[in-house]
Protein chains: 2
Amino acid sequence: MIQPRPRTIPEATVARLAVYLRVLSGLADGGRTTVSSGELASAAGVNPAGLRKDLSHLGSCGVRGVGYEVSALRERIAHVLGAEQSRACVLVGIGNLGTALADYAGFGSRGFRFVGLFDASPAQVGREIGGLTVQPISELESTVTATDAAIGVIATPADVAQSVCDRLAAAGVRSILNFAPVTLTPPPGVDVRPVDLSVELQVLAFLGQQRTARAAEVTA
Amino acid sequence: MIQPRPRTIPEATVARLAVYLRVLSGLADGGRTTVSSGELASAAGVNPAGLRKDLSHLGSCGVRGVGYEVSALRERIAHVLGAEQSRACVLVGIGNLGTALADYAGFGSRGFRFVGLFDASPAQVGREIGGLTVQPISELESTVTATDAAIGVIATPADVAQSVCDRLAAAGVRSILNFAPVTLTPPPGVDVRPVDLSVELQVLAFLGQQRTARAAEVTA
DNA sequence: GCGACTTTGTTCCTGCGTTCACAAGCGGCT
DNA sequence: AGCCGCTTGTGAACGCAGGAACAAAGTCGC
């Protein structure tokens, strides 16, 4: 049994594939049937050659001289990313950010559906958001087990994030998206992907400051 | 005039420096005065050697045989990142996510302060969030000019994000953090840093799926 | 005062990601 | 039917980030 394409797709490529998928959906809605790599790359903000290399990881699906068929390419990327099946997710921490995430329409259209919202505060329990009722955190394990959720999202304050991480992992969650501003140390076999909004802002501010300093240097 | 340290710090290093800064603040609150690179690296979730290399970019400040002085290192990183000065930011799009961002305490403690909240919907205008009143989008330019805000945050729906980006850039904003699920094409001289929550989730799900497939392969 | 241990700072090296450039292939025109 | 132009897919080179190992340096114990 041969393996025509290597199973390992670079992480950076995966992130871009998700972007291509979004752009392709927009093109399909616009009625387009074919796109060239240059056009798609421009819409996604990447280099055309890099885009072709990314796409080559999932087996050629383009037609030389013409471009890519929008719907076919979209389906193929969705298949590789596993975006066809609906994935059950649980969300812990229904503060401002958690509420926004629970209501975010972008998740549902990408195959992610929340099957449980949890908060430690009695004031939040019972609220209804996006068709779900906020449950007390004590029901976390039973819900994860019952729904077989493999993805957890942490939007709690920093001081409880690690314990929530441990509980999610113990309940069977294998992948965790962490919005809390702490570095989590997950048990073996569990992936944590941190999303720190302050870090993003600081990097952005630094780049801007660096650019300004560079410009001033040139002027001098 | 010599340049003792090269002005270019890799972007990946900058992102980690922001994480170190967060960890150091936690250590300082805990009363610690010194840390070793190993300990700090473990708390930040990185390799000790990499951490030392990151820190070497801003001139050595550690003491051999002892480690790093927490407060001094924190101040030095804050200085390099420009986190000492308060930076004025404007936020456009006060939906669920925008509200969460406006209320997010993590920004203020890192030197970012919002000086303007804007929304196109009359229903949102007038709301008070985190001490600020939501203004109509028509006042965007005048507020940016008056406050000299250099950073903009876009949390609008996708279809208006590009026009908001253009208006921010025209008003003088040089750095934009974009939460809208579209690829923005900014005017020259303006940086855009995209934060796509759906992409993060999809990458996470793919990695988990790949890991599961790998495990099944080994079992077979 | 001296030796040994600890920890930093640096250097080398390996691997990955990105970019450029070219060959291969397909459609359209004559 | 044959040629031309356009676009994909791939191969190679470049640059960069990450990791490991080693030398320098400072402190603690005797």
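Residue numbering restarts at 1 for every chain, and letters A, B, ... go by the order of the sequence lines.
- Taking for each of A:V63 and A:R16 the nucleotide of DNA chain C with the nearest heavy atom, the 5'-most of the two is the partner of A:R16.
- Listed candidates were D:dT27, D:dG18, C:dC20. Nearest to the side chain of A:A49 is C:dC20.
- Here A:R211 pairs with nothing under the side chain to side chain donor-acceptor pair (under 3.5 Å) rule; sequence neighbours left out.
- For D:dT8, the OP1/OP2 oxygens have a side-chain nitrogen or oxygen of A:S37 closer than 4.0 Å.
- No contact: B:G50 has no heavy atom under 4.0 Å from any strand.
- Counting heavy atoms of neighbouring residues, nucleotides and ligands inside a 6.0 Å radius, atom CZ of B:R87 exceeds 12 of them.
- In this structure, A:R16 does not pair ionically with A:E11, as no charged nitrogen and carboxylate oxygen lie closer than 4.0 Å.
- Not a single donor-acceptor pair under 3.5 Å links the side chain of A:R193 to the backbone N or O of B:V203.
- Distance, B:L17 CG to D:dA17 P: 13 Å, rounded to whole Å.
- Across C:dT8, C:dT11, D:dT8, the shortest atom-to-atom separation from the side chain of B:K53 is found for C:dT11.
- At whole-Å resolution of the value, CZ in A:R52 and C1' in C:dT19 are 11 Å apart.
- Atom pair B:E39:CD and C:dT7:P shows a separation of 10 Å (rounding to whole Å applied).
- Side-chain atoms of A:Q162 come within 3.5 Å of backbone N or O of A:T185 as a donor-acceptor pair.
- The CG atom of A:L51 sits 15 Å away from the C1' atom of C:dG17 (whole-angstrom rounding).
- Between the side chain of A:R64 and the base of D:dT7 there is no donor-acceptor pair of N/O atoms closer than 3.5 Å.
- Between A:Y68 and C:dC26 there is no side-chain N or O to OP1 or OP2 distance below 4.0 Å.
- Rounded to an integer number of Å, the gap from B:L58 CG to C:dT8 P is 14 Å.
- Atom CG in B:N47 sits about 18 Å away from atom P in C:dT14, given to the nearest Å.
- When the C1' atom of C:dT8 is taken as reference, atom NE2 of B:H57 falls 16 Å away, rounded to whole Å.
- As a whole-Å value, the separation of A:E11 CD from C:dT18 C1' is 16 Å.
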